[in-house]
Amino acid sequence: MYHHKKIIVVMPAYNAELTLRKTWDEVMAQGVVDEVIVVDDASRDDTAAIARSLPHTQVVIHDKNRGYGANQKTCYRMALDAGADIVIMVHPDYQYTPRLIPAMASMIANGLYECVLGSRILGGYAVKGGMPIWKYISNRFLTLVENLMIGAKLSEYHTGYRAFSRQLIEKIPLQFNSDDFVFDNQMLAQIVWLGYTIAEVSCPTRYFAEASSINFTRSLKYGFGCLHTALMFRLSRMGVIHSRLFP
């Protein structure tokens, strides 16, 4: 609880047995989180069993692997149903430090912003933390194009560390978004479309064997999905097309 706001951390999980407990420990150590919701996307390991052993944690298990975007849709729906005022997504692979949770929550609880991102690019933490150089270059290229097309000034669109107000989540047509990784990108574009300013804080990150990562082929698909989202945004803004993503 922070400023009388209920804070729920959501963790979209898949094969996270090696890092889930460590991430949860650091999340709860911040002293402001009321509840954690773990959505297990049909993991092949003991992710669900470990999640069930954690106090103050609600566990949802998909009957089959539905994809990262579908996982998030469940996360946000469950968080709203649980009465969250502020929802913070933290990946359970311990790549992003949960120590920023109080800062991100305070920016929303104090009415400054409705959305806050933990950026790996601000402060130069991406490469320092071990991000592969090809991913860094792709990140910078996609972000440049998206900023030009969407009209925002973000340092990156691809971080998985995000905080939202309840009011903002309720306004976004998430049901029309992809069930795959491009969900993240579509969500940020929708927030800009709705006229909100997205805040960013510098976030140290770690890249190691247990941290989740998508391969080159899926990264390529994600990249084209991001460019398509930006194009749809621009054409919708110009009135050339009508898109369910940008009503």
Side-chain angles (χ1 to χ4, degrees), residues 12 67-73 89 91 95-96 104 113-164 168-169 171-205 207 211-247:
Y68 175 61
N71 193 318
Q72 284 194 66
K73 291 176 185 178
M89 180 173 73
H91 288 180
Q95 187 178 114
Y96 302 95
M104 297 170 76
Y113 298 97
E114 303 294 324
C115 173
V116 182
L117 306 181
S119 171
R120 300 165 294 179
I121 303 302
L122 291 176
Y125 285 113
V127 176
K128 291 178 183 177
M131 177 186 282
I133 191 65
W134 68 268
K135 284 193 175 184
Y136 177 79
I137 293 172
S138 299
N139 185 309
R140 306 314 301 131
F141 170 74
L142 289 174
T143 296
L144 173 63
V145 173
E146 289 173 285
N147 277 335
L148 291 173
M149 296 287 283
I150 293 175
K153 295 182 179 180
L154 297 179
S155 67
E156 72 160 322
Y157 288 78
H158 318 293
T159 174
Y161 198 1
R162 302 156 176 237
F164 309 98
L168 178 57
I169 293 177
K171 291 179 180 179
I172 303 172
L174 298 178
Q175 69 274 20
F176 298 128
N177 290 5
S178 170
D179 286 341
D180 208 342
F181 286 98
V182 77
F183 174 96
D184 269 352
N185 205 254
Q186 292 171 335
M187 192 174 185
L188 293 186
Q190 289 168 324
I191 292 170
V192 176
W193 176 267
L194 291 171
Y196 291 96
T197 298
I198 300 173
E200 297 180 279
V201 295
S202 181
C203 176
T205 52
Y207 288 82
S212 62
S213 182
I214 58 176
N215 59 34
F216 178 78
T217 301
R218 300 203 70 180
S219 294
L220 194 63
K221 179 182 177 183
Y222 169 77
F224 280 115
C226 292
L227 296 176
H228 180 261
T229 299
L231 179 60
M232 295 286 285
F233 181 102
R234 176 50 53 193
L235 293 177
S236 297
R237 182 71 83 197
M238 294 169 62
V240 176
I241 64 170
H242 297 282
S243 170
R244 296 186 303 174
L245 296 182
F246 308 112

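These numbers come from a predicted model, not from an experiment. Values reported hereafter were calculated over all heavy atoms of this structure, with side chains retained and with hydrogens, waters and symmetry mates removed.
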_For a 4.5 angstrom cut-off between non-hydrogen side-chain atoms, does Val182 reach His228?_
no

_Expected output: side-chain Glu200 to main-chain Ser155 donor-acceptor under 3.5 Å_ = yes

*asked:* Between Arg234 (side chain only) and Thr229 (backbone N and O only), is there a donor and an acceptor less than 3.5 Å apart?
replied: no

*Shortest non-hydrogen contact from Gly118 toward Met104*: N-CE, 3.8 Å

_Non-hydrogen side-chain atoms of Ile198 and Cys115 separated by less than 4.5 Å_ = yes

*Could you label the plane-to-plane angle of the His91 and Tyr68 rings as parallel, tilted or perpendicular, counting under 30° as parallel and over 60° as perpendicular?*
perpendicular

*Taking Tyr157 for its side chain and Leu142 for its backbone only, find out whether a donor-acceptor pair lies under 3.5 Å.*
no

*Count the heavy atoms of every other residue, nucleotide or ligand shown that sit under 6.0 Å from CZ of Phe224, and state whether that count exceeds 12.*
no

*Taking all heavy atoms of Phe233 and all of Met149, pick out the closest pair and write down the distance.*
CD2-O, 4.0 Å

*Given side chains that start at C-beta, do those of Cys226 and His158 come closer than 4.5 Å, heavy atoms only?*
yes

Output side-chain donor-acceptor pairs under 3.5 Å for residues 186-194, partner residues at least two apart or in another chain, one line each.
residue	atom	partner	partner atom	Å
Gln186	OE1	Ser178	N	2.7
Gln190	OE1	Asn177	ND2	2.9
Gln190	NE2	Asn177	OD1	2.8
Gln190	NE2	Leu245	O	3.2
Trp193	NE1	Pro247	O	2.8

_pair Gln95-Tyr161: side-chain heavy atoms closer than 4.5 Å_ = no

*Apply the test side-chain contact (heavy atoms from CB on, under 4.5 Å) to residues Glu146 and Leu154: give CA-CA distance (whole Å), side-chain angles for both, the deciding distance (0.1 Å), then the verdict.*
CA-CA 9 Å; Glu146 289 173 285; Leu154 297 179; over 6 Å; no

_Which atom of Gly160 lies closest to which atom of Met89, heavy atoms considered_ = O-CE, 3.0 Å

_Under 3.5 Å donor-acceptor, Arg162 side chain and Asp184 backbone_ = yes

*Which one of Leu117, Ile121, Leu122, Asn147 satisfies the side chain to side chain contact (heavy atoms under 4.5 Å, CB included) criterion with Glu156?*
Ile121

*Heavy-atom distance under 4.5 Å between the side chains of Asp179 and Lys73, does that happen here?*
yes

*How about Phe183: does its CZ atom have over 12 heavy atoms from other parts shown lying under 6.0 Å from it?*
yes

